[in-house]
Amino acid sequence: MEIIIEEINRSHKLIGRHKFANKHITIGRGYRNDIIVSDPHICAEHLSVDFDGENWVITDKNSINGSFLGDTKKLAHGHIIRSGDIITLGQSQIRFVFPDHPVPASTTLSPFESLINLARHPLALFISIGLFALVVAWTIFLNNPKEMSFTQLLVPAISMTLMFLLWPALVSLISHLTKHDARVLTQLGVSFIIYNISWVLDFIETVVSFNASSSFVLMPVLTLLPVSLAFCLFWLNCYIGFHMTAKRRAIVAASLTILLFGGSYLIQLSKQPDFTIKPKFNNVLMTPNFVLAPSSDVDSFIQKSNKLFEKADSKIDDE
């Protein structure tokens, strides 16, 4: 009778799966074993699994730290294996599965997953990164009072793009080190799409601020948009690179968002003086093309102003 043995590390991640048809299987740290587990708390010859004609039986070979059923303290020696049983060895675990063990039904690819896979397409990735670099170069050009050449814009734009590239690369590296699928291109594509959306939202917030007062009702909503976008970025990073529950994914994304914006707020608060004689004002200058409300020409404005003054003078004369 065949048996499948799965290796599980201390983080409860599957790191190996082996299928055997022989009736005697040895497990331990020694190189003569059928399954070699590199855990210093496991003996060179820790245990064996034998098929007696009807059942698979565990035999502990007088190991120092013992073999236990699951997370309990019940000894595994002499235990008759059932499909799905987990045995703890040192700080590692092994799981026994028979070939007829039921598996969950396969799930179809959702449109959301298909959309995420589209972000890893080389053309989509090239467009996203290229658009980000162009926006960075344009922003540097607008904020610099001196005229800059193409080369002077190219170097900081590439540097900024590479700096923002570090985050998805770091997430992919952590995913690979934790025995998950790194999906580097997907992480890059999704991250730069979120970066570009943040540019659009920042532009919308600037236009609204230019056309509205500080007490505008939508200003708090516009302020929360970057926070929501950062949460979406971290949530997608976890969804792509790690196998975790929806609740844990949301907790991790929320924690990273709080750490990012909370840390930035504390840094700004520490640099802000208790009192300053300099007034705080909005220094955003934009062309009249960005004015959303209809404007009047100079002659109409003068006529309306004269009528307003005439009305005020008449009220004064009446009194």
Side-chain angles (χ1 to χ4, degrees), residues 1-110 112-113 117 172-183 238-252:
M1 181 179 182
E2 294 180 329
I3 188 171
I4 297 97
I5 301 178
E6 298 176 338
E7 296 181 63
I8 304 172
N9 63 12
R10 65 180 65 186
S11 300
H12 302 287
K13 303 296 183 183
L14 178 65
I15 60 175
R17 181 179 284 121
H18 313 273
K19 188 174 184 179
F20 297 95
N22 48 316
K23 297 182 179 181
H24 178 72
I25 304 167
T26 58
I27 301 172
R29 200 157 39 90
Y31 296 115
R32 295 182 178 179
N33 293 285
D34 297 305
I35 295 180
I36 304 170
V37 184
S38 57
D39 184 339
H41 303 89
I42 294 178
C43 294
E45 296 180 357
H46 200 97
L47 61 80
S48 65
V49 183
D50 302 282
F51 186 65
D52 61 5
E54 293 184 3
N55 301 300
W56 287 92
V57 182
I58 295 175
T59 303
D60 186 275
K61 297 184 176 181
N62 297 320
S63 60
I64 295 176
N65 294 309
S67 307
F68 304 94
L69 298 178
D71 295 325
T72 68
K73 292 298 181 180
K74 185 177 180 181
L75 295 175
H77 180 73
H79 176 72
I80 297 176
I81 296 174
R82 295 179 179 83
S83 186
D85 282 349
I86 295 177
I87 306 298
T88 300
L89 316 172
Q91 292 190 349
S92 303
Q93 291 182 326
I94 55 175
R95 179 173 180 255
F96 299 98
V97 180
F98 296 147
D100 58 352
H101 189 85
V103 296
S106 59
T107 56
T108 58
L109 283 173
S110 63
F112 179 67
E113 182 68 23
N117 290 332
S172 299
L173 177 61
I174 296 174
S175 178
H176 174 71
L177 294 176
T178 54
K179 306 299 181 181
H180 293 92
D181 190 2
R183 301 180 71 181
C238 294
Y239 179 84
I240 295 169
F242 305 94
H243 301 293
M244 57 177 64
T245 62
K247 181 179 179 181
R248 186 177 181 184
R249 191 184 308 125
I251 292 174
V252 172

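The analysis underlying the following values was restricted to heavy atoms, covering all of them including side chains, and did not include hydrogens, waters or symmetry mates.
Residue pairs meeting the side chain to side chain donor-acceptor pair (under 3.5 Å) criterion with at least one member in residues 72-82, sequence neighbours excluded, are H79-D85.
F98 has its side chain out of reach of I4: every pair of non-hydrogen atoms, C-beta onward, lies at least 4.5 Å apart. Here the side chains of D60 and L75 are not in contact, with every heavy-atom distance at 4.5 Å or above. Using a 4.5 Å heavy-atom cutoff, the side chains of W56 and I80 are not in contact. At a threshold of 4.5 Å between non-hydrogen side-chain atoms, the residues V57 and V49 do not count as touching. At least one side-chain heavy atom of I5 sits less than 4.5 Å from a side-chain heavy atom of F96. Side chains of F51 and I3 form no contact here, defined as non-hydrogen atoms less than 4.5 Å apart. For the pair T26/D34, a side-chain contact is recorded, criterion being any heavy-atom separation below 4.5 Å from C-beta on.
Between the N33 side chain and the I36 main chain, no donor and acceptor come within less than 3.5 Å of each other.
Shown here is I64, whose CD1 atom has no more than 12 heavy atoms of other residues, nucleotides or ligands within 6.0 Å. The local environment of NE2 in H101 is crowded, with over 12 non-hydrogen atoms from other residues, nucleotides or ligands closer than 6.0 Å.
Ring geometry, H180 versus F242: the interplanar angle exceeds 60°, so the pair is classed perpendicular (tilted spans 30 to 60°).
A distance of 4.5 Å separates CD1 of I87 from CG of L69, quoted to the nearest 0.5 Å. Atom CD of E7 is separated from atom CD1 of I35 by 6.0 Å, given to the nearest 0.5 angstrom. The line from CD1 of I15 to CD of E6 is 11.0 Å long, rounded to the nearest 0.5 Å. In this structure, T178 OG1 and L173 CG are separated by 9.0 Å, a value rounded to the nearest 0.5 Å.
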Between side-chain atoms of residues 40-48 and protein atoms elsewhere (two or more places apart, or another chain), which donor-acceptor pairs fall under 3.5 Å?
{"residue": "H41", "atom": "ND1", "partner": "D39", "partner atom": "OD1", "Å": "3.1"}
{"residue": "H46", "atom": "ND1", "partner": "C43", "partner atom": "N", "Å": "3.2"}
{"residue": "H46", "atom": "NE2", "partner": "S63", "partner atom": "OG", "Å": "3.3"}
{"residue": "H46", "atom": "NE2", "partner": "G66", "partner atom": "O", "Å": "3.1"}
{"residue": "H46", "atom": "NE2", "partner": "S67", "partner atom": "OG", "Å": "3.2"}
{"residue": "S48", "atom": "OG", "partner": "D50", "partner atom": "OD2", "Å": "3.2"}

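The shortest heavy-atom contact between R95 and V97 is NH1-CG2, 3.4 Å. Closest approach of R249 to M244, counting heavy atoms only: NH2-O, 3.0 Å.
For Y239, the ring-ring contact (aromatic ring centres under 6.0 Å, His included) partners are F112, W235, not counting sequence neighbours.
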